[in-house]
Amino acid sequence: MAELAGAWWKTGVIYEIYPRSFADSNGDGIGDLGGVIAHLDHLEWLGVRGIWLSPVSPSPNADWGYDVADYCNVDPDFGTLEALDELIAGSRRRGIEILLDLVPNHTSDQHPWFIDSRASRTSSHRDWYVWADPRPDGSRPNNWVAQFGGAAWTLDPRTDQYYLHNFTAAQPDLNWWNRDVRKAFDEIIEFWWDRGVAGFRIDVCNMIVKDDELRDNPPATDADAVVEQIWGQRFEFNANRPEVHEILKHWRTRADSYDPPRVLLGETDVHHLAMIPPFYGNGSDELHLAFSLPWLHSEFDAETLRSVVEATERGLPEGAWPVWTGSNLDTSRLATRWAAGHPGKLRCALLMLLTLRGTPVLYQGDEIGLTDGEMTKAALRDPIGLQYWPHASGRDPERTPMPWADGPGRGFTSVDAEPWLPISTPDHCDVAGQIGDPDSVLTFTRDLIALRATHPDLHSGAYVSLPSPPGTWAWRRGETFTTILNLSDVSVELEIAPGTVAIGTRRLRDGERVDRALTLDPWEGASVQTT
Ligand code: NOJ
C-alpha cells in the first residue's frame with residue numbers, strides 16, 4: 001500500500017497521445033512513433049508522468065486502430081516494434097511511463113482469429129467470437145444495436161450465422177466466456193508488461209462480457225442515458241454484465257504481481273455516475289483508474305461540475321482514486337466544448353482539472369488550448385462522420401494534427417506533405433508560438449503541473465467543497481490549498497482563508513496576498529496557498 005500511496009499515476013499527470021496526429025517524423029503526413037520520440041523533451045519539460053498512447057498495433061483502420069489485426073506488433077504507419085521499445089526506454093529515462101491502449105472487446109475482421117473463426121462452424125477459433133443462429137423467421141438473434149448505430153449483428157453467408165459487433169461490422173466482438181480468449185489476452189498483456197509498458201488504458205472495459213443467453217435489451221426510458229434514448233434501448237445485456245468484474249480482478253492480480261505494479265486505466269463507457277464505482281472493486285482489487293463520461297460530458301457550469309465531483313468523492317470505495325479529463329480522441333476538445341474559445345473559461349478548465357483530487361488526463365493540444373479542427377466532407381476519415389455527415393461530423397475535429405510551429409505543415413509534418421487530416425488551427429496557436437511567453441496557455445499549464453507536483457496537498461490532499469456564491473465553486477485540498485473558480489459573467493467576492501495566490505488564471509495575480517476575501521473577474525480562477 002505504501003507504494004500505491006505515492007504511485008506515479010496518482011501524483012502525476014497523464015497525457016493522451018493520438019499518434020496519427022501527434023508528429024510525423026518521415027514526411028508521409030501521418031504521425032508516428034519517431035514523432036513521439038522526437039517530442040519527448042517537450043513532454044518532459046511539460047512535466048507529465050505518463051503517456052496513454054492510443055493504439056499503434058497493425059490495423060486496417062476501419063476504426064483507426066481500434067480494429068486490431070495483431071496485438072503484439074506495431075503498424076508500419078507508426079514504425080516498428082524496435083521504435084516502440086525505443087520510445088518506452090526514452091520516456092522512462094525522462095521519468096515518463098507508457099500506457100498502451102488494450103482493445104479486448106473486439107478485433108479487426110482481418111485478425112487471423114476471426115479469419116479462422118468465420119471459415120467454418122467447426123474451426124478452432126469459431127467460439128472465440130459471438131456467433132448465433134438467425135431466429136426462425138431469419139431475423140437477427142436479438143435486438144442489440146451497435147454503438148455507432150444500426151444492428152449489432154451481421155449475417156455471414158459462409159456459415160449462415162450472425163456474428164456480433166458492438167461497433168462497426170469490421171470489429172467482431174470476442175467471446176469472453178471462452179477460456180482460450182482469456183488466456184490469449186493474458187499472453188498479450190504479459191508480452192507488453194515484460195517489455196516495460198507501465199499499464200493499459202482498456203477500451204470499453206465495461207462491455208467485454210455479454211449476456212450468455214443473448215437476451216434482448218429492454219427499451220430505454222427517460223431515466224436512461226441520452227445515447228440509450230437515441231438508440232431506443234438500455235445497454236443491459238450487450239454490456240455492463242456483472243461477470244466483467246471477475247476479469248478485471250484477474251488482470252489486477254497480475255498487474256500487482258509486477259514490480260513496479262502495472263496500472264489499469266479503464267474506459268468505463270457508462271453514462272451514470274453510480275455505475276462507475278463498482279469498476280474500482282473494493283478500492284484496490286479492480287481498476288486503478290476509471291474514466292468518467294458523466295464528468296467529461298458535463299456542462300461547464302459551477303453547480304454541475306461541483307455536484308459531479310461531490311458525488312464522485314462520495315461514491316468511490318475507500319482507497320479509490322478519481323480521474324479527471326476534459327478532452328479525448330472521441331470528444332470535442334475542452335477548448336471548444338467547455339471554453340468555446342473563451343480564454344478565461346479555458347484557463348478555469350485547466351486550473352480545475354489540475355487541482356482536483358485525482359489524476360488529470362490531458363489530451364494532446366489541451367496544453368496550448370487547441371480547439372477542434374474544421375472538417376469538410378472530403379476530409380472525413382472517422383466512420384461515424386462518414387456515416388452521419390452533415391448531421392454529425394464524427395470524431396475527426398478532435399483528431400486533427402497537433403500544431404508545433406507556424407508555417408506549412410505546422411511542424412506536424414514536412415512542408416510539402418499532405419497531413420492525413422487537415423490542420424485548421426489559427427496561426428498563433430502552436431507550441432513554438434507559446435513556449436517562451438510567460439502569459440501563454442502553455443506556460444500556464446506547465447506551471448500548474450509543476451505546482452501540483454511540488455505540493456503534496458495538491459496531488460494527494462483530501463477534497464473538501466467550500467461554500468461559495470452561485471456561479472462559483474471553491475474547494476480545499478488538504479490543509480494548504482484552496483481553488484476558487486468564478487464560472488459566471490459577473491465579478492464576485494469570495495471569502496477564503498488568508499494566504500497567497502499560488503497561481504491565477506490571470507498571471508499578474510500570482511503572489512498576491514489574500515487576507516480574507518478575493519475578488520474574481522468573470523471567468524477567473526485562482527489557487528491560493530493558505531498560510
Ligand atoms: C472507444 C475508443 O476510444 C473509440 O475511439 C473506439 O471507436 C471505440 N472504443 C471502439 O473501440
Side-chain angles (χ1 to χ4, degrees), residues 1 4-5 7 9-11 14 201-202 204-209 220-228 234-236 239-249 251-252 255 263-326 328 331 338 349 352-361 457-468 473-478 483 485:
M1 280 317 271
L4 280 192
W9 51 270
K10 284 182 148 183
T11 57
I14 297 178
R201 177 268 192 183
I202 309 169
V204 288
C205 75
N206 58 303
M207 183 179 266
I208 60 183
V209 180
T221 66
D222 292 350
D224 288 317
V226 175
V227 54
E228 291 169 313
R234 183 184 316 141
F235 302 140
E236 187 169 328
N240 307 319
R241 302 310 301 153
E243 296 85 1
V244 76
H245 297 286
E246 188 192 313
I247 294 166
L248 296 178
K249 283 192 169 69
W251 287 345
R252 177 64 182 257
V263 185
L264 306 175
L265 163 60
E267 187 202 21
T268 30
D269 188 14
V270 295
H271 296 267
H272 292 294
L273 269 181
M275 291 171 77
I276 297 174
F279 289 95
Y280 287 92
N282 67 10
S284 58
D285 68 350
E286 292 196 32
L287 296 178
H288 297 84
L289 299 167
F291 276 123
S292 173
L293 294 192
W295 162 263
L296 182 64
H297 295 300
S298 291
E299 293 298 319
F300 196 62
D301 72 71
E303 282 69 32
T304 307
L305 295 164
R306 182 201 285 261
S307 74
V308 174
V309 168
E310 288 176 356
T312 302
E313 288 280 352
R314 268 197 312 273
L316 290 186
E318 203 178 326
W321 196 248
V323 48
W324 307 110
T325 188
N328 66 27
T331 314
W338 277 346
M352 170 184 79
L353 289 171
L354 289 156
T355 62
L356 283 170
R357 185 185 83 98
T359 303
V361 179
D457 265 350
L458 266 185
H459 54 72
S460 300
Y463 167 92
V464 180
S465 273
L466 300 175
S468 73
W473 177 20
W475 67 87
R476 216 181 60 221
R477 295 297 314 285
T483 294
L485 298 176

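Within the model, atoms CG of Asn206 and CZ of Phe235 stand 10.5 Å from one another, a figure rounded to the nearest 0.5 Å. Taking CG from Leu265 and CH2 from Trp321, the interatomic distance works out to 14.5 Å, rounded to the nearest 0.5 Å. With values rounded to the nearest 0.5 angstrom, Ile276 atom CD1 is found 6.5 Å from Thr312 atom OG1. Residue Leu316 holds its CG atom at 9.5 Å from CG of Leu273, rounded to the nearest 0.5 Å. Atoms CG and NE2, from Leu293 and His271 in turn, are 5.5 Å apart once rounded to the nearest 0.5 Å. Distance CG/Asn282 to CD/Glu318: 10.5 Å, rounded to 0.5 Å.
Take Glu236 and apply the salt bridge (Lys or Arg N to Asp or Glu O under 4.0 Å) test, not counting sequence neighbours, and it matches Arg234. Judged as a ring pair (Phe, Tyr, Trp, His ring centres under 6.0 Å), and not counting sequence neighbours, the contacts of Phe291 are Trp52. For Trp473, the side-chain hydrogen bond (donor to acceptor under 3.5 Å, both in side chains) partners two or more places apart in sequence, or in a different chain, are Tyr463. Partners of Ala462 according to the side chain to side chain contact (heavy atoms under 4.5 Å, CB included) rule, which considers only residues two or more places apart in sequence or in another chain, do not exist here. Judged as a side-chain hydrogen bond (donor to acceptor under 3.5 Å, both in side chains), and not counting sequence neighbours, the contacts of Glu310 are Ser465. Looking at residues two or more places apart in sequence or on another chain, you find no salt bridge (Lys or Arg N to Asp or Glu O under 4.0 Å) involving Arg477. In this structure Thr355 satisfies the side-chain hydrogen bond (donor to acceptor under 3.5 Å, both in side chains) test together with Thr483, sequence neighbours excluded. By the side-chain hydrogen bond (donor to acceptor under 3.5 Å, both in side chains) test, Arg357 is found to be paired with Glu313, residues two or more places apart in sequence or in another chain being considered.
Contact between Glu286 and Leu264 at its shortest, heavy atoms only, is O-CD1, 4.2 Å. The two residues Leu305 and Trp338 have their closest heavy-atom pair at CD2-CZ2, 4.5 Å. Of all non-hydrogen atoms in Leu248 and Leu287, the two that sit nearest each other are CD2-CD2, 4.1 Å. Minimum heavy-atom separation, Leu289 to Thr359: CD2-OG1, 3.7 Å. Closest of all the heavy-atom pairs between Ser468 and Ala474 is OG-N, 3.8 Å. Between Cys205 and Gly266 the shortest heavy-atom distance is SG-CA, 3.9 Å.
Judged by distance alone, with hydrogens and angles left aside, the side-chain atoms of Thr268 form no donor-acceptor pair with the main-chain N or O of Val270 at under 3.5 Å. The main-chain N or O of Val308 is never found under 3.5 Å from a side-chain atom of Arg306 such that the two would form a donor-acceptor pair.
Every pair passing side chain to side chain donor-acceptor pair (under 3.5 Å) that includes a residue from residues 291-302 is listed here, sequence neighbours excluded: Asp301-Thr304. Residues in residues 239-248 take part in these salt bridge (charged side-chain N to carboxylate O under 4.0 Å, His left out) pairs, two or more places apart or across chains: Arg179-Glu246, Arg182-Glu246.
Counting heavy atoms from C-beta outward, Trp475 and Leu485 have side chains that approach closer than 4.5 Å. The closest side-chain heavy-atom distance from Tyr280 to Arg252 is not below 4.5 Å.
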Query raised in the report: Does the ring pair (Phe, Tyr, Trp, His ring centres under 6.0 Å) test come out yes or no for His245 and Phe279, once each step is laid out?
Result: CA-CA 7 Å; His245 297 286; Phe279 289 95; 5.1 Å; yes
